[in-house]
Amino acid sequence: MQPSLALPSQPTRRSTRPINRSLLASASFTATLPLDEWETQLFGEEWMSATLTDIAHNVPATPTSTTTPHPSDTLSSADRDPPNRNSAMRSQFREHWIKAEEAELHALTDSSTYSYAFAPAGANVIGSKWVYKIKLNADGSVERFKARLVAQGYTQRFGFDYAETHSPVMRSATFRWLLALTALNSWNTRMLDISSAYLYGELDDPVYMKQPLGHDDGSGRVFKLKKGLYGLKQAGRIWYIKLVTYLKSRGYLQSTADPCVLYKTSGSGKRVYLAIYVDDICFFGNQRMIDAAFNDIKSEFKVRDLGQITYTIGIQVEHMPSGIFIHQSKYIKEILERFSKHFTPYPISVPLPTSFKSEPSVETSELMPDPKLYLEAISCLNYAAINTRPDLSTAVSHLSVFSSNPSKEHWDYLMRTYRYLNDTKDHGISYSRSGNMSPHGFADAAYNVHTGAKSQLGYLVLLADGAISWKSSTEAEYMSISELGREIQSFINLYTALSIPVKVPLTLFKDNMSTIHQCNNDVFSHRSKHINVRYHYIRELVNTKQVTVTYIKTADQPADLLTKPLGREAFNKHRSKFGMCSWTTVKILDSQ
């Protein structure tokens, strides 16, 4: 056993580039994450290293180096995360990096990822790169050395080396919907991670890649890739096809409403639902069916059992007797630390004041010298707003308007939002076991909140007394109810595709009688003749009795929170209707 290596106290390094799931699959959202988490999502949870398990034989790779750094050794930044192979070979851990590389190549060979070949004339031979990472324990000591061979897919040619690259991922709204159903129906959950998932996908046409740096045998041969490799443009797609094809062969049915949700029914009527997000698979339903589904996947792929769902796609999931609570406290604390020097952390009750005006910078405005910092800060907020923090949606929507040319005044408003976030860092959404059994929605719009008399719409969908979907965007009243109608229809499609009973019509609430009249009647007047026909889809939903549109008082309209800045009393009132509260409060109430 290798002794732990003590690390000096160093500032936490974070990535400033957003997650680009298009490198792996089609992105469902973009966010800025800590460097460790970004690399985990990009390259997979388990990089092959001197202490990683061989993917083919399930045998730990044995290091042969007798040189073990002393615990008192300290690491420079280059030693800790070598940017390239030259730096790795010059570091004090050279032998460890070499063994990690050998373990990676051994795993690729055993899984038949490549073979040696001479490249045909005219073939596009792409390059490769070693990516190094030292995995740390919670106490800061070294856990293992990791090396990943990554293809330089940016040199691939469309039509020659690849064709299609699209690979779907589960919508975050679908995930919240499944969690709400879990709370209502007392379902069990489980989660697994596919180790080195992309290495399972089989290429339709071979890709030729240069032998990796430091391991070229000098024969002039190249790697002829037969399976996916991290970095290839089509890697995400072929992995998704491999996984779904296998699941279908085992009797699982794919949802037509969300291609990343599959289900299976036993002879006794018990169900299990599978939700796929790249290499993470979440299970919901009957425990025996979940265990059977887990074993089905384990028999074909090397997996890590993560137990009950507690953390996935950046969302922390808490299971309680009264239901389920989701939040992003871990992520929020990290971004607060990242921008802590830019704001004073005293309490504030709302993200933006009611006096806020959505106006662009003018000639007299003092512009930010580096807009990049503004973009990073707004991107971090957006990641929270679209997952578990709808109370941030209005601030993010309004402040994003200035991303291309922010002034210092806009920056001050953005930092004000961070002050609010600092005071509510443990807030999230609660799904109650005794909450509403069928989804219902709310839609609203605020007129002339943006320059140019542009309106702001907002809609909200509730299930189990918690928000499962929401949106804040620049549209008007009638458009807001139409957008809500389409979102509600997507959930009706999920219920239907997965054979889950739901009582229709579902109720939509609107605080504008004129809009309700337009929804319920085929009226075309001088005030509505200009509206694009796609927005009249809501009338079809009403006529087919999929939904019914009902009046609600403006003072009771929770979607108002998504349209404009509100005062403290109205903000807190509407926020609570989203099912939002603090995790501390939930724990206290649940223990009583």
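Residues: numbered from 1 along the sequence shown.
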Would you name the heavy atoms of [X] and [Y] that are closest together and state the gap between them?
X      : Y      : answer
Ile378 : Leu414 : CD1-CD1, 3.7 Å
Ser167 : Gly236 : OG-O, 3.3 Å
Ala257 : Ser490 : CB-O, 4.5 Å
Leu274 : Val272 : CD1-CG2, 3.9 Å
Met513 : Tyr551 : SD-CD1, 3.4 Å

Hey, do the aromatic rings of [X] and [Y] have their centres closer than 6.0 Å?
X      : Y      : value
Tyr413 : Phe356 : yes
Phe571 : Tyr420 : yes
Tyr459 : Phe442 : no
Tyr495 : Trp177 : yes
Phe578 : Trp470 : no
Phe158 : Tyr162 : yes

Looking only at the side chains, is there a donor atom on one of [X] and [Y] sitting less than 3.5 Å from an acceptor on the other?
X      : Y      : value
Ser482 : Arg486 : yes
Gln456 : Ser472 : yes
Ser322 : Arg433 : no
Gln328 : Thr388 : yes
Thr424 : Arg389 : yes
Thr584 : Ser582 : no

Is the shortest distance from a Lys or Arg side-chain nitrogen in [X] or [Y] to a carboxylate oxygen in the other one below 4.0 Å?
X      : Y      : result
Glu334 : Lys330 : yes
Lys564 : Asp560 : yes
Glu487 : Lys471 : no
Lys577 : Asp465 : no

Using modelled atom types and a 3.5 Å cut-off, is there a donor and acceptor pairing between side-chain atoms of [X] and backbone atoms of [Y]?
X      : Y      : result
His319 : Ile309 : yes
Thr544 : Glu540 : yes
Thr585 : Cys581 : no
Gln557 : Ala443 : yes
Ser397 : Ser393 : no
Arg190 : Phe294 : no

Apply side chain to side chain contact (heavy atoms under 4.5 Å, CB included) to Ile241 and list each qualifying residue two or more places apart in sequence or on a separate chain.
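For Ile241, the residues satisfying side chain to side chain contact (heavy atoms under 4.5 Å, CB included) (neighbours in sequence not counted) are Arg237, Thr245.
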Does any part of the side chain of [Y], heavy atoms only, come nearer than 4.5 Å to the side chain of [X], both counted from C-beta?
X      : Y      : answer
Leu192 : Leu306 : no
Glu164 : Gln234 : no
Lys573 : Glu569 : no
Leu373 : Trp411 : yes
Tyr273 : Phe283 : no
Gln308 : Asn188 : no
Pro390 : Arg575 : no
Gln489 : Gln546 : yes

With Ile481 as partner, the option from Leu508, Ile516, Asn512, Val547 fulfilling side-chain contact (heavy atoms from CB on, under 4.5 Å) is Leu508
[X] [atom1] to [Y] [atom2] distance, which is reported to the nearest 0.5 Å:
X      : Y      : atom1 : atom2 : answer
Leu457 : Asp444 : CG    : CG    : 9.5 Å
Leu232 : Trp239 : CG    : CH2   : 15.5 Å
Leu566 : Ser349 : CG    : OG    : 11.0 Å
Ile332 : Asn422 : CD1   : CG    : 10.5 Å
Ile290 : Lys264 : CD1   : NZ    : 13.5 Å
Thr256 : Asn493 : OG1   : CG    : 7.0 Å

All side chain to side chain donor-acceptor pair (under 3.5 Å) counterparts of Tyr246, not counting sequence neighbours:
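For Tyr246, the residues satisfying side chain to side chain donor-acceptor pair (under 3.5 Å) (neighbours in sequence not counted) are Ser299.
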Under the side-chain contact (heavy atoms from CB on, under 4.5 Å) criterion, do Ile276 and Val169 qualify, and how do the steps go?
CA-CA 7 Å; Ile276 302 169; Val169 292; over 6 Å; no
Tell me, with the steps shown, if Thr174 and Leu494 meet side-chain contact (heavy atoms from CB on, under 4.5 Å).
CA-CA 9 Å; Thr174 299; Leu494 278 169; 4.0 Å; yes
Just say parallel, tilted or perpendicular for the rings of His410 and Phe402, cut-offs at 30° and 60°.
parallel
Verdict with reasoning, Trp187 to Gln287, per side-chain contact (heavy atoms from CB on, under 4.5 Å)
CA-CA 8 Å; Trp187 287 346; Gln287 187 61 57; over 6 Å; no
Apply ring pair (Phe, Tyr, Trp, His ring centres under 6.0 Å) to the pair Tyr331 and Tyr383, showing each step before the final yes or no.
CA-CA 9 Å; Tyr331 169 76; Tyr383 181 51; 4.6 Å; yes
Test side-chain contact (heavy atoms from CB on, under 4.5 Å) applied to Lys270 and Arg288, step by step
CA-CA 9 Å; Lys270 303 295 183 181; Arg288 287 189 178 181; over 6 Å; no
